[in-house]
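Input: a single structure, listed below in structure tokens.
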Amino acid sequence: MYTFKELKKNLRREQLPPKACRVALVGDTATQLLATALRGEAIGRGFDVELFEAEYNQIERQFLDPQSELRAFMADFIVLFQSTHKLGEHHSMLSTGRQRLLAEERLAMVDGICRDEAFATTKIICMNYPEIDDTVFGSYANKVDSSFTFQVRKLNTGLMELSEQHANLFVCDLAALQAKLGRDRMFAPNVYVSTEMVLSIEALPWVASRVIDIIGAVRGQFKKCLILDLDNTLWGGVIGDDGIEGIQLGHGLGIGKAFTELQMWVRKLRQRGIIICVASKNNEETAKEPFLHHPDMVLRLDDIAVFMANWETKVDNIRAIQQVLNIGFDSMVFLDDNPFERAMVRENIPGITVPELPEDPGEYLEFLYGENLFETASYSQTDKDRTRQYQVEAQRVSLKKTFANEDDFLLSLEMVSQVSGFNRFNTPRVAQLSQRSNQFNLRTVRYTEADVEALANDGDTVDLSFTLRDKFGDNGLIAVVVMKPTDKETLFVETWLMSCRVLKRGMENFTLNIMVDEARRRGYHRIVGEYLPTPKNAMVEDHYTRLGFKPVEGASTAQYQLTVDDYEPRPCHITREENQGSL
């Protein structure tokens, strides 16, 4: 993590490309140094952020005044920072009866912001409230609903509940940061009394990092995969030397407890949808033995999507894992106790995240908690099946090697796809796929669940979602298309994205066939697509021309058109399965 001094140095870096992300900071205390930290953190991550900082303590005016600078700025993200100190000042001036309503009133304000149509497409990042124990009641404050402690805790709980109701609301957990750092590090009284700044210089980088974590996750920059070394990382000792009885694991006293609790954390990540893999210098049979037979192993082979144990380098094994998963190296985290191995991986695999683990395994978990490596902007029940999906993909890769030609292999898969519009059942997954897909994403438009719901309710928009299953298993929802009319003749492809797990199976042809059918059904004669390049989507640069689209002459961007009337369906070995949600 950067220091505040390093964040300030980042501001002197070479000018970034044209601004693509507009962030507004609105607070009730001095926010100048927080603004500096946010800009520095964004530059350090390679984000092109334009930041608007509202004047001191103008929250109500900025949100309620139709002519405010905030509304004119048209932010993609609004960071709302209401401090516990100002809340405490207000609480102290209220009657006991009004004190009981403090949390409800503050929550109603946030709820109103989220419901305001002016901010319907804006993501609201609301800081929650680090506690201040005013000791007016001592611990008895937990039984007094008018106490400040009671109201702050009620408010933080209420913010979580509000974020469940509003897809455009994200809570930045300052309360958790204070629990990590301690209040004496988070808040400097001498600075506050002279500057009205409630965050210490030491805390600013932590806060800025958490805010940019959220922005990055919404914009599709987050980690999808955790790759684990084994010996002295997942258990204590060396399995090849110490044997299964000699490695250190368990819930009792001793260092084995640290490894067991690390495995518990990894298992929760797997349950959330993070892909768990192994890259170990070991004989495969020996490396798998603890997963199969050790009574204190929390992780089992079913938790591992790709298991690479051999005597190749960690670099080669991680590259092999990437070939199976087909995700970017910048989506991966690699954990290894060995500083040499960490350095080799960092040097040879640009983009991968390799945390500098502490020497003491007892400190691994607390260190990793502080890194916040797996921030996300969405979660759906289908995430639980992701490990199984990648295990099945490894089976497909093995099967493909037994066929002499591509067509026979694809035909053998017995592929079936369900096509439907956006609905309340697939909305979370559509939003999540838009946020996760970087490589096969023609325009890289990100959607929240609220955005998806708005598209579903727009009668002019053509919204299509595609699932895919085969004889090995169900891949779930794997492709999304959004088309909007530009005139009576033309549909413009606002979004066409696909999970890279299903590339080279004919899904592109199948999807285009459905797009053309839907255009014809609605009376359109032309489909126009656009490719907007990013550092990650070069693989689809020629996508439209490969599918028979012709360049649009004179367009300011790379645009391509397809005449619907004379289109012939493209070949594919995918059968469309009708369902009640089908178009």
Side-chain angles (χ1 to χ4, degrees), residues 21 74-78 111 113-125 162-171 214-222 224 273 375-386 417-438 440-468 475-485 491-499 502 507 511 514-515 518 522 529-530 532 537 579-583:
C21 180
M74 301 292 289
D76 299 306
F77 296 87
I78 297 175
D111 182 56
I113 291 170
C114 294
R115 294 181 186 277
D116 192 326
E117 291 185 2
F119 306 114
T121 61
T122 303
K123 285 69 177 176
I124 311 297
I125 301 176
L162 267 186
S163 70
E164 287 185 303
Q165 299 172 27
H166 297 292
N168 64 331
L169 176 62
F170 300 86
V171 178
I214 295 172
I215 292 174
V218 172
R219 292 171 62 81
Q221 298 187 16
F222 49 83
K224 304 175 184 178
E375 183 68 61
T376 187
S378 62
Y379 174 73
S380 69
Q381 292 303 307
T382 58
D383 288 335
K384 296 180 179 180
D385 301 325
R386 186 163 288 119
S417 176
Q418 287 187 354
V419 185
S420 69
F422 301 164
N423 54 55
R424 63 190 180 92
F425 299 106
N426 63 27
T427 288
R429 177 58 179 155
V430 170
Q432 184 183 66
L433 193 60
S434 79
Q435 294 160 13
R436 288 179 175 271
S437 299
N438 294 306
F440 194 116
N441 200 333
L442 275 300
R443 298 183 71 246
T444 318
V445 178
R446 310 295 185 187
Y447 300 118
T448 63
E449 291 184 28
D451 299 328
V452 176
E453 291 169 1
L455 291 169
N457 293 325
D458 183 348
D460 293 330
T461 296
V462 180
D463 48 286
L464 300 168
S465 68
F466 301 79
T467 68
L468 185 66
N475 291 280
L477 194 150
I478 48 80
V480 170
V481 171
V482 176
M483 298 188 291
K484 293 186 176 182
L491 283 174
F492 177 75
V493 184
E494 177 181 285
T495 290
W496 188 345
L497 58 88
M498 190 179 302
S499 169
V502 297
M507 197 67 202
T511 302
I514 300 298
M515 292 164 62
E518 188 61 21
R522 298 190 181 213
E530 180 181 45
L532 299 179
N537 71 352
N579 65 87
Q580 292 183 349
S582 297
L583 295 169

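Worth saying up front: this structure is predicted, and the values here are computed from it rather than measured.
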Between atom [atom1] of [X] and atom [atom2] of [Y], what is the distance when rounded to the nearest 0.5 Å?
X	Y	atom1	atom2	answer
Met498	Leu477	CE	CG	11.0 Å
Ile124	Leu169	CD1	CG	7.5 Å
Ser434	Glu449	OG	CD	10.0 Å
Asp76	Arg446	CG	CZ	13.0 Å
Arg522	Leu491	CZ	CG	7.5 Å
Ile478	Leu497	CD1	CG	10.0 Å

Kindly indicate whether the side chain of [X], heavy atoms from C-beta on, has any atom under 4.5 Å from the side chain of [Y].
X	Y	answer
Trp496	Met483	no
Gln432	Arg429	yes
Val218	Phe170	yes
Val493	Leu442	no
Cys21	Ile215	yes
Asn426	Asn423	yes

Looking at [X] and [Y], what are the two nearest heavy atoms and their distance?
X	Y	value
Ala167	Ala450	CB-N, 3.3 Å
Gln435	Ser378	OE1-OG, 3.2 Å
Met507	Val502	CB-O, 4.3 Å
Asp463	Phe422	OD2-N, 2.6 Å

Using modelled atom types and a 3.5 Å cut-off, is there a donor and acceptor pairing between side-chain atoms of [X] and backbone atoms of [Y]?
X	Y	value
Asn441	Asn537	no
Ser465	Ser420	yes
Ser417	Thr467	yes
Thr122	Ala75	yes

Residues that Asn168 engages under side chain to side chain donor-acceptor pair (under 3.5 Å), provided they are two or more places apart = none

Sequence-distant partners of Glu494, side chain to side chain donor-acceptor pair (under 3.5 Å), two or more places apart | Tyr447, Lys484

Salt bridge (charged side-chain N to carboxylate O under 4.0 Å, His left out) filter on Asp451, not counting sequence neighbours, yields Lys123

With sequence neighbours left out, what residues match Arg443 under salt bridge (charged side-chain N to carboxylate O under 4.0 Å, His left out)?
-> Glu530

If you look only at distance, which donor and acceptor atoms sit under 3.5 Å apart when one is on a side chain in residues 452-459 and the other is two or more places apart or in another chain?
from	atom 1	to	atom 2	distance (Å)
Asn457	ND2	Glu453	O	3.1
Asp458	OD1	Asp460	N	3.0
Asp458	OD2	Thr461	OG1	3.0

Could you check Glu518 against Val419 for side-chain contact (heavy atoms from CB on, under 4.5 Å), going step by step and ending with a plain yes or no?
-> CA-CA 11 Å; Glu518 188 61 21; Val419 185; over 6 Å; no

ring-ring contact (aromatic ring centres under 6.0 Å, His included) involving Phe119 - partner list, sequence neighbours excluded = Phe63

